[in-house]
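Here's the structure we're looking at; comments come further down.
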Amino acid sequence: MLFGDPLEGLDTDDMGYRGPIACSAAGITYRQLDYWARTGLLQPSIRAARGSGSQRLYSFKDILVLKIVKRLLDAGVSLQQVRVAVGTLQNRGVDDFASITLMSDGASVYECTSTDEVIDLLQGGQGVFGIAVGRVWREVEGSLAELPIERPDDGAFVDELAQRRRQRMSSAS
């Protein structure tokens, strides 16, 4: 990084982002976020809402998936196919995201992990647009660098981005 890691030195293992921060980083409205959480499209993995006035906490990975969902929906992908894509992404680790390109023909979403898969899909006439998940990851990471994070009450969650930072710091030492 040009100026270093802005979260370096912080213990972010059990930190999360409140709904408004998640909305800002993902480029969605709070109404969308609330609807997607209530309908089960994407639940916050750190802390779900527990009644009126409680705050949801979203992990970095959650926000990354939110931004991808927005892009898929904006491109006209059906909600049913977006749910399939979300399920696939939630079963992946954050480190895997850098190598994934999501392609769609408007009806289906395809996961490509190599250039050859992307080329095969395009040659077969199936791909109409693609989302390089690694690029979206960098956008979200840059958006969140300046925004406040919060520690949940229970502290049981470990964010994969925080784990990566710790590993990078320990290997650099």
Side-chain angles (χ1 to χ4, degrees), residues 1-49 55-77 79 81-104 109-113 118 129-152 157-169:
M1 279 189 216
L2 186 59
F3 299 106
D5 188 348
L7 300 177
E8 188 176 316
L10 286 176
D11 180 19
T12 58
D13 286 355
D14 57 351
M15 301 292 232
Y17 302 90
R18 288 183 176 211
I21 302 290
C23 290
S24 175
I28 61 173
T29 66
Y30 192 82
R31 183 178 217 164
Q32 286 173 304
L33 181 74
D34 184 54
Y35 178 74
W36 293 346
R38 286 186 294 107
T39 60
L41 178 62
L42 183 69
Q43 293 286 332
S45 58
I46 297 180
R47 185 176 63 206
Q55 292 285 321
R56 296 181 186 107
L57 283 183
Y58 291 84
S59 70
F60 171 80
K61 181 178 174 182
D62 295 337
I63 296 170
L64 180 58
V65 173
L66 286 169
K67 190 168 186 100
I68 292 167
V69 165
K70 166 111 169 76
R71 289 195 178 175
L72 290 170
L73 290 172
D74 286 350
V77 175
L79 187 56
Q81 286 300 309
V82 170
R83 286 185 185 279
V84 171
V86 167
T88 300
L89 291 171
Q90 287 181 321
N91 291 329
R92 297 271 200 167
V94 170
D95 288 334
D96 297 334
F97 281 30
S99 63
I100 296 173
T101 299
L102 295 177
M103 300 290 292
S104 179
V109 178
Y110 307 93
E111 175 186 343
C112 300
T113 56
V118 173
F129 74 92
I131 299 172
V133 178
R135 182 180 176 132
V136 177
W137 177 14
R138 289 186 295 280
E139 290 173 12
V140 170
E141 193 172 36
S143 297
L144 291 175
E146 301 295 321
L147 299 173
I149 54 179
E150 183 175 314
R151 187 176 307 275
F157 177 81
V158 178
D159 189 333
E160 290 184 41
L161 180 61
Q163 285 177 328
R164 282 183 8 91
R165 283 194 185 110
R166 255 199 341 272
Q167 288 171 348
R168 189 172 57 218
M169 296 300 294

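What you are looking at is a predicted structure, and each value in this text was computed from that prediction instead of being measured.
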side-chain contact (heavy atoms from CB on, under 4.5 Å) involving A26 - partner list, sequence neighbours excluded: I28, I63, L66, K67
Taking only residues two or more places apart in sequence, or in another chain, which ones meet R31 in a salt bridge (Lys or Arg N to Asp or Glu O under 4.0 Å)? none
Is there a side chain to side chain contact (heavy atoms under 4.5 Å, CB included) between Q90 and L42? Walk through the geometry before answering. CA-CA 9 Å; Q90 287 181 321; L42 183 69; 2.7 Å; yes
I want to check something: taking the side chain as every heavy atom from C-beta on, are Q55 and R47 in contact at a cut-off of under 4.5 Å? yes
Non-hydrogen side-chain atoms of V65 and V86 separated by less than 4.5 Å: yes
Which atom of L72 lies closest to which atom of A85, heavy atoms considered: CD1-CB, 3.9 Å
Exercise: identify the closest heavy-atom pair between Q81 and V109: OE1-N, 3.4 Å
Between the CD1 atom in I46 and the CG atom in D62, the distance rounded to the nearest 0.5 Å is 7.0 Å
Which atom pair, heavy atoms only, marks the closest approach of Y17 to S59? CD1-C, 4.5 Å
Listed partners of D74 passing side-chain hydrogen bond (donor to acceptor under 3.5 Å, both in side chains), at least two apart: K70
Residue pair Q32 / L73, side-chain heavy-atom distance below 4.5 Å: no
Could you list the residues that satisfy side-chain contact (heavy atoms from CB on, under 4.5 Å) with T39, not counting sequence neighbours? Y35, L41, R83
Holding to side-chain contact (heavy atoms from CB on, under 4.5 Å), I want the full list of residues that pass it with R135, two or more places apart in sequence or in another chain. A132, R138, E139
With E111 via side-chain contact (heavy atoms from CB on, under 4.5 Å) - residues at least two apart: T88, R92, I100, L102, T113
Do you know which two heavy atoms are closest between L64 and V133, and how far apart they sit? CD1-O, 4.4 Å
Is Y58 close to S45 at the side-chain level, that is, under 4.5 Å between some pair of heavy atoms? no
